[in-house]
There are 2 protein chains.
Amino acid sequence: MASDHTRSAILAAAERLYADRGFGDVTLRDIVAEAGVNLAAVNYHFGSKDELIAELFVTRSIATNRERLRELKAAEEQGGGRAPIEVILHALVGPTLRGCLGPENQRSTAARFMIRASIESVPPIRRIKNREIDHLRKFAGAMRRALPDRSDVDIYWGLNFALAMAHHTIRESERLTKLSEGKCDLDDVEDVVARVVSVATMALTAGRAETKAPARVAAR
Amino acid sequence: MASDHTRSAILAAAERLYADRGFGDVTLRDIVAEAGVNLAAVNYHFGSKDELIAELFVTRSIATNRERLRELKAAEEQGGGRAPIEVILHALVGPTLRGCLGPENQRSTAARFMIRASIESVPPIRRIKNREIDHLRKFAGAMRRALPDRSDVDIYWGLNFALAMAHHTIRESERLTKLSEGKCDLDDVEDVVARVVSVATMALTAGRAETKAPARVAAR
DNA sequence: GATAGTTTCATACAACTGTTTGAATTGCAA
DNA sequence: TTGCAATTCAAACAGTTGTATGAAACTATC
């Protein structure tokens, strides 16, 4: 136990460097230099480089997931065990988007780190993401309760598309800004959330016919 | 010139290995061993490892982009310079999805390579992707012609969401299969394409009011 | 204030990386 | 066949990486 000073200095320095330069070209030596500690300290306190990365990512994603579930639970309780689909989707994508987007100059280190984690996907992070399924199932359950007429398949596709829009917008936010010549304002986070929720809601509530029978659009 | 045998053996071996094991842990030595050539051959024929990766990726994405534009051009010509939005979106996401999804056991090496490239995102590939903007602008133009009443902002968001759904579905196909316990059939590529196109079309054609004024969903 | 346990440190280690070199080999043209 | 260029090869290079070690410096307890 004791001071914990070195430990947290490493965590802070690592998060900052990974956020700024990505996982690819940040070495342990960079981290300990930034933290002002000895090279051996990382292995002493965390066991290995991968475990350091994992701890950083777990900490942040636990926070996001807790926030998600808090919103979801509150909404379902308020609705007597069943929340409107928009509110569920809002709870799903809101915390993530709020945690990663927003004016670039006031973006927290944590936010920038999570964007990196979303873009680069190194092994220790991938391993953790794979355990996220149980968490997502809770949302699938809530969505099923909100839309009892929908098939499971449609529910899962809706969930998939909602996450797709949120994560892709985070990953490619720079490109979207460039492509739209700044017309798409990614700093207005609540507008982004609203757009994602709106489209995902439509995907989940639109007449099934259109979704199922593709109308076989003139392919070629 | 000459035989070109070594060159193409390297390309094939590299694509196979990257497809199978990812960029992270495939070394030049792995590649030359698989190709049955000398270590120095990569630098002799390609200049560097990154240029080898770049050539692989460029070749495949040029093919996809050409297919996209072919479909787009055909559709616009048939409609006298203006194609229906569904058809445009179909041309945008169809080739990519068709190139990456489909029954796993009959998935081409090229397809698996492109999935990897979509997941891992190493520097040489990222550099190439950044040059894709001009290509996307052509689709933005076609979409504007198809939906003259829509604002540019809405067009770009629709384009962004369409790509989001396609790419995320490719990236996370394994997770979606697991999450849905196999209920979402990712082998039925045309169904996936139809779903993506359908949702993106809704996003682009839905009443603007709903999209713009978020209805301020009960946040908390 | 000696002692036991924790933490820090400089340093070495061992392995792997992409790249280069210069000689050997090959293939083709004169 | 001779000569010249293109290609292949084994070997070494130069650098970096994460990790391990064992001594030194702390810190708190008795």
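A note on names: the letters A, B, ... follow the listed sequences, proteins ahead of strands, and every chain is numbered from 1.
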Counting heavy atoms not belonging to A/Glu174, are there more than 12 under 6.0 Å from its CD? no
From the options B/Arg126, B/Arg68, B/Arg137, select the one residue that forms a salt bridge (Lys or Arg N to Asp or Glu O under 4.0 Å) with B/Glu132. B/Arg68
In this structure, how many angstroms lie between the P atom of C/dA15 and the CG atom of B/Asp25, rounded? 19 Å
I need the residues from residues 52-59 of chain B with at least one non-hydrogen atom less than 4.0 Å from DNA chain D; give them sorted by number, or say none. none
Nearest heavy atoms of B/Ile85 and B/Ala146, plus distance in Å: N-CB, 4.2 Å
Given the options A/Arg60, A/Arg7, A/Lys49, A/Glu55 meets salt bridge (Lys or Arg N to Asp or Glu O under 4.0 Å) only with A/Arg7
Just the rounded figure in Å: distance from C1' of C/dT7 to CG of A/Asp4. 12 Å
Could you tell me whether B/Arg195 and B/Asp191 have a side-chain N and a carboxylate O separated by less than 4.0 Å? yes
Between protein and nucleic acid, restricted to nucleotides 18-21 of chain C and to nitrogen or oxygen atoms under 3.5 Å apart, what atom pairs and distances do you find?
from: C/dG18; atom 1: OP1; to: B/Lys49; atom 2: NZ; distance (Å): 2.5
from: C/dG18; atom 1: OP2; to: B/Leu28; atom 2: N; distance (Å): 3.1
from: C/dG18; atom 1: N7; to: B/Arg29; atom 2: NH1; distance (Å): 2.9
from: C/dG18; atom 1: O6; to: B/Arg29; atom 2: NH2; distance (Å): 2.9
from: C/dT19; atom 1: OP2; to: B/Asn43; atom 2: OD1; distance (Å): 3.2
from: C/dT19; atom 1: OP2; to: B/Lys49; atom 2: N; distance (Å): 2.9
from: C/dT19; atom 1: O5'; to: B/Asn43; atom 2: OD1; distance (Å): 3.4

Is the ring centre of A/Phe113 less than 6.0 Å from the ring centre of A/Phe23? yes
Within the structure, does a side-chain N or O atom of B/Thr6 lie under 4.0 Å from either OP1 or OP2 of D/dT8? yes
Does A/His5 put a side-chain nitrogen or oxygen below 4.0 Å from OP1 or OP2 of C/dT8? no
Could you pull out the closest heavy-atom pair between B/His167 and B/Ser118, with the gap in Å? O-OG, 4.3 Å
Output the distance between atom CG (B/Asp154) and atom OG (A/Ser180), rounded to the nearest 0.5 Å. 11.5 Å
